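Computation of the quantities below employed the complete heavy-atom set of this structure, encompassing side-chain atoms and omitting hydrogens, waters and symmetry-equivalent molecules. Atoms within a ligand are numbered from 1 in the order they appear, just like the ligands themselves. Everything quoted here is computed from the prediction, not taken from an experiment.
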Amino acid sequence: MFNKEIYIKRREVLKKSVKSGIVLLLGNGEAAMNYAGNDYIFRQDSSFIYYVGLDTPDLAYILDIEQNKEYLLGDELTIDDVIWMGNLPSLKERAAEVGIDNVRPFTELTTIIGNGLKSNRIIHYLNPHRYRNQLILSEIFGEKAYAIISGFSLELTQAIIRMRLIKSTEELAELEDAGKTGYAMHIVAMKMCRQGVSEREIAGTIEGLAISVGNRVSFPTILSMNGQTLHNHNHSGILKPRRLMLCDAGAENLNYYASDFTRTTAVDGEYNERQKNIHNIVLHALNDSIAMAKPGITYKSVHRNAYRIIFEGLRDLGLVKGDTEAALEAGVPALFMPHGLGHAMGLDVHDMENLGETLVGYDEETKRDTLFGYRSLRFGKRLEPGHVLTVEPGIYFIPQLIEKWKAEKINADFIRFEKLKDFYDFGGIRLEDDIVITSQGCRPVYEKRLPVTVEEIAEEVQS
Ligand code: GLY
Ligand code: MN
């Protein structure tokens with residue numbers, strides 16, 4: 001938790017950017033795995049954490065703009081709570097720690113919002129992703145869940161996105177801390193990348209490392225020899241010689257900030273020529289994207305540039321052919337990299353994705369593309385100092401996708417399908433770093449860079 005002045009200041013800024021009405025921020029409740037006595041580990045809503053700082057379930061925050069009044073809603077612990085879950089300072093004391101004076105029982109949520117509705121006040125709330133929060137709002141508003149979901153406040157959402165997207169000095173220190181753990185996780189994964197070791201053992205070891213110094217992982221670890229499956233959570237393989245292990249993993253630190261790195265390591269650190277060639281194209285795309293990222297240019301143009309490097313690199317290897325600009329227009333590189341170059345990162349690894357990916361990553365000026373590959377770019381707009389982003393180019397050989405394009409003759413003038421058959425057992429290579437945009441360009445969020453060339457990675461495995 002930060003000191004209370006930070007939360008007070010954030011709420012003051014929010015108050016000035018929402019013109020009128022009542023702002024309601026719902027915290028999360030516990031979520032049962034299969035029954036209430038066995039919950040998922042509690043995770044507070046990130047916007048609630050950002051403005052209110054309290055990380056226990058069943059809280060809500062209300063800010064009445066016209067009356068200039070704010071409330072924390074929640075219930076004091078019962079003796080049963082204390083027996084089973086332990087003691088905490090009173091809610092009044094905890095509210096005081098984040099600069100809130102008025103504490104009300106949770107049931108008053110219905111009264112305060114209900115009174116606001118009766119007086120035709122605007123009630124601003126965020127798109128509720130958790131079913132429990134949809135239900136709470138549904139009951140208060142007397143509306144079906146779909147009406148609640150579509151009725152979120154665009155004004156509040158945009159105000160929050162503007163604030164959360166620009167990371168303050170204290171937030172950057174937290175992100176750096178998460179980066180430090182992410183770095184350690186990947187070094188361990190590289191060292192364990194030996195034939196005969198199971199993917200599960202490596203994934204479990206690095207997830208344990210994240211838990212041992214922070215909250216948990218920032219997303220379920222992606223670790224597999226089948227790196228062509230972009231979000232592969234199947235860790236059932238045993239590492240084999242001549243294969244690659246793609247590891248995409250990060251940590252959430254004690255203040256809920258994320259890291260997200262990817263490295264692809266040859267088993268035993270032994271790369272063959274084909275693997276080196278593909279690795280070097282991805283590395284070129286990574287380094288060029290980092291060199292290009294600076295205030296004033298769109299991330300969409302950085303993504304397109306990465307696509308250019310990937311297309312030209314694969315053309316040098318004889319896997320594709322034709323004119324670069326025409327290939328980029330047609331979306332040819334998407335066959336090899338069907339995902340976006342990166343996303344915003346902060347209190348969530350895909351920062352604020354629950355508020356609307358397109359609202360976060362695009363604006364009036366920079367619209368989201370519709371073409372396959374380009375459309376998966378989560379963040380495309382003009383970069384500003386304080387943006388924190390991932391840069392994660394990749395090249396994958398997805399046999400089913402290649403076969404589909406071949407059968408449907410998609411971009412057939414550009415692709416040497418006959419050559420791609422040799423790559424059906426390749427897997428995929430992704431390399432991912434985390435950057436913060438500065439006044440001049442960008443810098444790594446965590447200053448130490450993970451081994452990234454084939455030589456550096458091989459040395460890390462074998463040392
Ligand atoms: N690290 C997983 C992702 O960015 O989607
Ligand atoms: Mn990522």
Report every pair formed by an N or O atom of ligand 1 and a protein N or O atom separated by less than 3.5 Å, giving atom names and the distance to 0.1 Å.
from: ligand 1; atom 1: 1 (N); to: Asp248; atom 2: OD1; distance (Å): 2.9
from: ligand 1; atom 1: 1 (N); to: Asp248; atom 2: OD2; distance (Å): 3.1
from: ligand 1; atom 1: 1 (N); to: Asp260; atom 2: OD1; distance (Å): 2.9
from: ligand 1; atom 1: 1 (N); to: Asp260; atom 2: OD2; distance (Å): 3.1
from: ligand 1; atom 1: 4 (O); to: Asp260; atom 2: OD2; distance (Å): 3.3
from: ligand 1; atom 1: 4 (O); to: His343; atom 2: NE2; distance (Å): 2.9
from: ligand 1; atom 1: 4 (O); to: His350; atom 2: NE2; distance (Å): 3.1
from: ligand 1; atom 1: 4 (O); to: Glu392; atom 2: OE2; distance (Å): 3.4
from: ligand 1; atom 1: 5 (O); to: His231; atom 2: NE2; distance (Å): 2.9
from: ligand 1; atom 1: 5 (O); to: His350; atom 2: NE2; distance (Å): 2.8

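Between Glu357 and Arg368 there is a salt bridge, with a side-chain nitrogen of the basic residue lying less than 4.0 Å from a carboxylate oxygen of the acidic one. Taking 4.0 Å as the cut-off between side-chain N and carboxylate O, Asp55 and Arg43 do not count as a salt-bridged pair.
Within the structure, salt bridge (charged side-chain N to carboxylate O under 4.0 Å, His left out) contacts touching residues 329-346 (residues at least two apart or in different chains) are Arg304-Glu329.
A distance-only check finds no donor-acceptor pair linking the side chain of Arg216 to the backbone of Ala210 [under 3.5 Å]. The main-chain N or O of Met1 is found under 3.5 Å from a side-chain atom of Asn255 such that the two form a donor-acceptor pair. Side-chain atoms of Gln275 come within 3.5 Å of backbone atoms of Arg242 as a donor-acceptor pair (strictly under, hydrogens ignored).
Counting only heavy atoms from C-beta outward, the side chains of Lys240 and Met245 never approach each other to under 4.5 Å.
Residues that satisfy the side chain to side chain donor-acceptor pair (under 3.5 Å) test with Lys404, not counting sequence neighbours, are Glu408.
Judged by the 6.0 Å distance and 45° axis criteria, Arg430 is not positioned over the aromatic ring of Tyr396.
The count of protein N, O or S atoms under 2.8 Å from the Mn ion (ligand 2) stands at 4, with waters excluded from the count.
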